[in-house]
Protein chains: 4
Amino acid sequence: MAGAAARVVQDQIQDNEIQSEHEDAFLFEANQKSSGRPRSEKSRSAILDSTNKMLLHMSVRDVSIEAVAKKAGVGKTTIYRWWPNKVALILDAISGPMGVLPAPALGSDAKDSLVKQLERFTRICRGRGGKILAEIYAEAQGNPELQALFFEKFMLQHEEILASIIDGGKKDGSFRSDLDTVFAVDMIYGAIFYHLMSSPEPLDQNFANVVMMESLRILK
Amino acid sequence: MAGAAARVVQDQIQDNEIQSEHEDAFLFEANQKSSGRPRSEKSRSAILDSTNKMLLHMSVRDVSIEAVAKKAGVGKTTIYRWWPNKVALILDAISGPMGVLPAPALGSDAKDSLVKQLERFTRICRGRGGKILAEIYAEAQGNPELQALFFEKFMLQHEEILASIIDGGKKDGSFRSDLDTVFAVDMIYGAIFYHLMSSPEPLDQNFANVVMMESLRILK
Amino acid sequence: MAGAAARVVQDQIQDNEIQSEHEDAFLFEANQKSSGRPRSEKSRSAILDSTNKMLLHMSVRDVSIEAVAKKAGVGKTTIYRWWPNKVALILDAISGPMGVLPAPALGSDAKDSLVKQLERFTRICRGRGGKILAEIYAEAQGNPELQALFFEKFMLQHEEILASIIDGGKKDGSFRSDLDTVFAVDMIYGAIFYHLMSSPEPLDQNFANVVMMESLRILK
Amino acid sequence: MAGAAARVVQDQIQDNEIQSEHEDAFLFEANQKSSGRPRSEKSRSAILDSTNKMLLHMSVRDVSIEAVAKKAGVGKTTIYRWWPNKVALILDAISGPMGVLPAPALGSDAKDSLVKQLERFTRICRGRGGKILAEIYAEAQGNPELQALFFEKFMLQHEEILASIIDGGKKDGSFRSDLDTVFAVDMIYGAIFYHLMSSPEPLDQNFANVVMMESLRILK
DNA sequence: CTTTAACCGAGACGGTACGTCGTGTCTTAAC
DNA sequence: GTTAAGACACGACGTACCGTCTCGGTTAAAG
């Protein structure tokens with residue numbers, strides 16, 4: 001993946017800095033053996049819930065750490081202790097609602113798998129979800145660490161799935177083999193983000209259909 | 001253009017509001033017989049120059065109206081009088097440096113025209129330019145007016161050129177005719193922006209080559 | 001006190017609003033067991049000191065919250081957190097230097113007490129002090145809340161003392177009893193303020209003597 | 001007059017600076033023999049009228065030159081050409097409405113004359129008029145030129161009248177002769193201004209009566 | 001009957017300060 | 001050691017007026 005390639009170094013730094021400094025939601029359960037007062041699960045989920053609720057009503061821009069803290073009935077310190085910044089917090093917050101759809105089982109039919117994955121991705125992007133994604137993506141601009149965080153936490157899985165589907169299809173003859181897989185992935189997700197970021201309207205079913213149809217077409 | 005379609009209403013409002021309220025750089029020369037002290041060309045260009053210089057050294061995020069005013073030796077009011085917000089200012093500021101490359105004469109050869117336009121676009125996006133573009137694009141997220149402004153001032157021309165090249169090619173048999181032109185445009189520019197926004201690295205020649213090669217491939 | 005009478009309602013509102021919303025200098029020490037980071041005594045005194053120093057060199061008009069903040073090495077927010085406006089800040093700031101003279105013990109001799117109080121008051125008004133007082137008083141014009149604040153924080157004590165001295169003198173025969181005490185107070189302090197506000201010159205010893213002599217004369 | 005004494009030097013400077021630099025309303029008619037376009041009476045009265053109207057609805061503080069210009073349909077320059085600042089403008093503006101009451105003919109009876117003059121002065125100060133006066137007086141604080149201007153344009157006449165009445169009364173035995181005339185004037189007008197500046201309420205008839213009664217009493 | 005000079009409206013200009021917001025850090029006491 | 005509370009220094013926001021300036025256009029007396 002063209003975008004991913006340039007981020008490899010960044011990612012590793014990220015791994016050692018942010019992930020280990022702050023035990024994020026994913027690692028929360030495994031957190032053990034420390035002395036002192038244990039982390040409050042109540043606060044953690046209040047923070048995440050409040051963040052999600054605010055995202056439904058306002059842009060990522062307008063969600064402030066300050067407001068989240070107040071709404072969650074939590075000290076600002078508690079947020080900063082566990083998340084290094086707003087982007088990280090929001091990524092964690094939406095990873096619940098956004099992650100509900102499991103990755104599709106990759107069947108033997110490449111075309112079918114492609115449609116399933118694009119269906120899954122566009123479903124995530126439908127409604128407020130897609131706007132939030134685009135807004136976080138935007139929020140990360142101008143800050144390499146945040147770019148990497150967004151990619152790693154959200155896009156990495158989708159890029160990997162799509163790439164392996166395309167590669168699979170190329171091998172079994174379902175797809176033309178002269179296309180650059182990495183660029184094809186950039187084109188498909190790129191088209192979706194470009195669309196998302198260019199209009200205030202949410203992504204609709206019609207566009208989702210176009211994405212699937214045309215993606216199949218360019219892959220042959 | 002998929003993105004453009006959703007913005008049509010927005011654009012028209014934009015046309016009547018921002019463009020006529022504020023005589024921007026483009027209209028500056030056409031400034032007519034109004035009474036009162038005429039706008040200071042010196043201030044105008046000092047503001048635009050300062051903005052451009054600052055963009056070379058820092059992210060769009062970090063460019064503040066206040067700092068531009070100070071650097072340009074100008075009152076903040078003077079900036080707010082002519083530009084409604086930071087995005088509008090920066091779009092005007094870069095439209096000079098970014099607009100230097102003239103639209104390519106559309107020859108009879110669709111493939112050649114496509115390459116020329118993509119060469120032109122990727123040249124603009126090379127170096128700091130592409131990052132600035134992505135950062136402005138990002139800055140506009142969550143604000144429909146700014147999205148529309150960015151599109152109208154910058155992307156509209158490029159979308160139109162590319163679409164007409166593709167349509168031409170479809171007609172004369174250079175390109176396959178089963179592809180949706182609008183979505184093809186979204187894919188190509190989308191891939192570039194997705195790449196630009198995913199990595200802190202500037203767009204390089206190698207990627208530019210991939211864009212041109214693969215775009216040709218999917219169109220035929 | 002004629003002036004005071006009209007302000008009674010105002011004052012009570014004041015008592016419940018400003019004094020309890022903002023624990024001012026006077027109440028600072030009594031500050032109790034609240035949670036959260038305690039107020040910084042260092043910042044508080046830096047603000048007050050800076051304000052006082054600036055008042056020595058410039059008019060109340062020219063003292064800006066912004067400049068005080070900068071000089072005190074303090075955020076503007078910190079000032080606005082504790083003082084609702086410039087007048088309140090300056091009143092607190094000068095209440096230190098201005099309040100140094102203790103109220104005179106009210107002896108049995110009314111004439112002597114009167115002289116002592118007027119000596120105390122005119123001493124406060126000598127030099128820059130009187131000008132500052134007049135300037136604050138002026139600054140409060142057109143804003144009932146500020147008028148009340150000035151009265152309550154500064155004039156109230158002086159009016160009460162003078163009134164009780166005059167009343168005492170009327171009872172024991174030192175002073176004529178046909179004069180309206182309230183108006184007499186207005187006349188004496190009024191003459192001083194009128195003098196102070198009518199000329200750029202500070203109040204001098206000569207005028208102070210006239211005040212004492214003539215006040216005694218009109219009272220008997 | 002104690003206040004006046006300290007201002008003598010100031011006044012003379014004033015006479016040569018402001019009065020000759022700017023031909024004010026009073027001198028307007030006498031303005032002759034210059035070539036060029038004559039001053040527009042229409043603009044002049046529009047400015048004065050607008051100022052007066054604004055003073056009825058808002059404090060002197062809140063009346064801005066900018067707003068007066070807009071309301072009067074006049075360029076800011078035109079105001080600044082004829083009045084050096086807001087205080088000068090407002091003094092001119094109110095000198096019409098405020099000056100309507102002619103100075104009382106000084107009869108042979110000092111007590112009667114005193115009452116007449118105080119009646120005249122308190123009538124001027126009744127309602128919004130007194131507040132405006134106090135506010136202008138306040139506005140002039142911290143600026144010697146403006147203090148002098150206020151005194152000269154407004155208080156001078158009243159001080160002179162009152163002083164000559166008191167002096168007359170002292171000579172013919174109507175008033176005690178041991179009082180300092182100048183300080184007595186300061187006391188009487190001072191009490192009125194002190195009252196005016198201490199409360200948001202306008203001066204009422206009751207206070208006006210107290211002023212007259214008690215003034216007579218202290219003069220014997 | 002044309003200069004010429006002062007006026008006029010409009011409105012842009014460089015500034016200063018306003019009062020508010022959000023950032024990320026810090027400092028307590030309570031648990 | 002973590003928590004809620006909340007104060008802190010900082011920096012930028014967008015607004016309001018200030019007093020000055022520069023236009024294109026009157027308007028009348030002087031030449």
Side-chain angles (χ1 to χ4, degrees), chain A residues 34-40 42-44 46 61-67 69-70 72-82 84-86, chain B residues 33-40 42-44 46 61-70 72-82 84-86, chain C residues 33-44 62-70 72-82 84-86, chain D residues 32-40 42-44 62-70 72-82 84-86:
Chain A
S34 73
S35 86
R37 178 174 175 175
R39 176 173 181 186
S40 158
K42 203 177 126 199
S43 292
R44 184 188 142 275
R61 233 6 225 294
D62 296 335
V63 172
S64 68
I65 297 269
E66 207 136 85
K70 178 166 261 179
V74 140
K76 263 202 292 182
T77 332
T78 306
I79 298 181
Y80 279 109
R81 198 187 324 273
W82 301 108
N85 49 59
K86 195 166 77 176
Chain B
K33 78 255 192 118
S34 74
S35 87
R37 179 174 177 173
R39 178 173 180 183
S40 159
K42 201 177 130 199
S43 292
R44 185 190 141 272
R61 258 288 156 66
D62 296 335
V63 172
S64 68
I65 298 267
E66 204 135 272
V68 170
K70 178 166 266 178
V74 139
K76 258 200 291 183
T77 334
T78 303
I79 298 182
Y80 282 110
R81 198 180 343 261
W82 300 108
N85 50 62
K86 197 168 72 176
Chain C
K33 80 272 203 95
S34 74
S35 86
R37 179 175 178 174
R39 177 173 181 183
S40 159
E41 166 57 22
K42 201 178 129 199
S43 293
R44 185 189 140 273
D62 296 334
V63 172
S64 69
I65 298 267
E66 205 135 89
V68 170
K70 178 165 266 177
V74 139
K76 259 199 290 183
T77 332
T78 303
I79 298 183
Y80 282 110
R81 196 180 344 262
W82 300 107
N85 50 62
K86 197 167 72 176
Chain D
Q32 79 283 48
K33 76 187 160 201
S34 75
S35 87
R37 178 175 179 172
R39 176 172 181 185
S40 157
K42 201 178 130 199
S43 292
R44 184 189 142 273
D62 296 335
V63 172
S64 68
I65 297 269
E66 207 135 87
V68 169
K70 179 166 259 178
V74 139
K76 264 203 289 181
T77 329
T78 305
I79 298 182
Y80 281 109
R81 197 183 334 265
W82 301 108
N85 50 59
K86 196 166 74 175

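Model, not experiment: these values are computed from the prediction.
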If you check the B:Glu66 side chain, which of E:dC8, E:dT20, F:dC13 turns out closest? F:dC13
Partner set under side-chain contact (heavy atoms from CB on, under 4.5 Å) for B:Ala69, not counting sequence neighbours: B:Lys76, B:Ile79
With sugar-phosphate meaning primed atoms plus P, OP1 and OP2, does B:Ser43 contact a base, only sugar-phosphate, or nothing at under 4.0 Å between heavy atoms? sugar-phosphate
Answer yes or no: side-chain N or O of B:Lys76 and base N or O of F:dG14 forming a donor-acceptor pair under 3.5 Å. yes
Rounded off to whole Å, could you give me the NZ-to-P distance for the C:Lys42 and E:dT27 pair? 10 Å
Check if the side chain of D:Arg37 and the base of E:dA6 share a donor-acceptor pair of N or O atoms closer than 3.5 Å. no
Phosphate OP1/OP2 of F:dC8 contacted by C:Trp82 side-chain N/O (<4.0 Å): yes
How long is the line joining NZ of C:Lys86 and C1' of E:dA17, in whole Å? 10 Å
Within this structure, what is the CG-to-P distance between A:Asp62 and F:dC13, rounded to whole angstrom? 16 Å
Could you pick out which residue, A:Ser64 or C:Ser64, lies toward the 5' side of DNA chain E when each is mapped onto its nearest nucleotide? C:Ser64
Separation of F:dC17 atom C1' from D:Lys70 atom NZ, nearest Å, is 12 Å
How far does NZ of B:Lys86 sit from CZ of B:Arg61, to the nearest 0.5 angstrom? 7.0 Å
What pair of heavy atoms forms the shortest contact from B:Ala72 to B:Ala46, and how long is it? CB-O, 3.6 Å
On a plain distance test, is the side chain of C:Thr77 in donor-acceptor contact with the base of F:dC10 below 3.5 Å? yes
Measure from the side-chain heavy atoms of A:Thr78 and tell me the nearest of E:dT28, E:dG14, F:dT3. F:dT3
Could you tell me the separation between the OH atom of C:Tyr80 and the P atom of E:dC21, rounded to a whole number of Å? 13 Å
For atom CZ of A:Arg61 and atom C1' of F:dC13, their distance in whole Å: 12 Å
Roughly how far, to the nearest 0.5 Å, is the CZ atom of B:Arg81 from the CZ atom of B:Arg44? 15.0 Å
Which residue lies more 5' along DNA chain F, comparing B:Gly36 with D:Val63 via nearest heavy atoms: D:Val63
Provide, to the nearest angstrom, the distance between the CD atom belonging to C:Glu41 and the P atom belonging to F:dA7. 15 Å
Between E:dT25, E:dC7, E:dT27, spot the one nearest the side chain of D:Arg81, thanks. E:dC7
Rounded off to whole Å, could you give me the CZ-to-C1' distance for the D:Arg39 and F:dT26 pair? 17 Å
If you pin C:Gly73 and A:Gly73 to their nearest nucleotides in DNA chain F, which one's is more 5'? A:Gly73
When you measure from the centre of the six-membered ring of B:Trp82, is the NZ or CZ of B:Arg39 closer than 6.0 Å and no more than 45° off the axis? yes
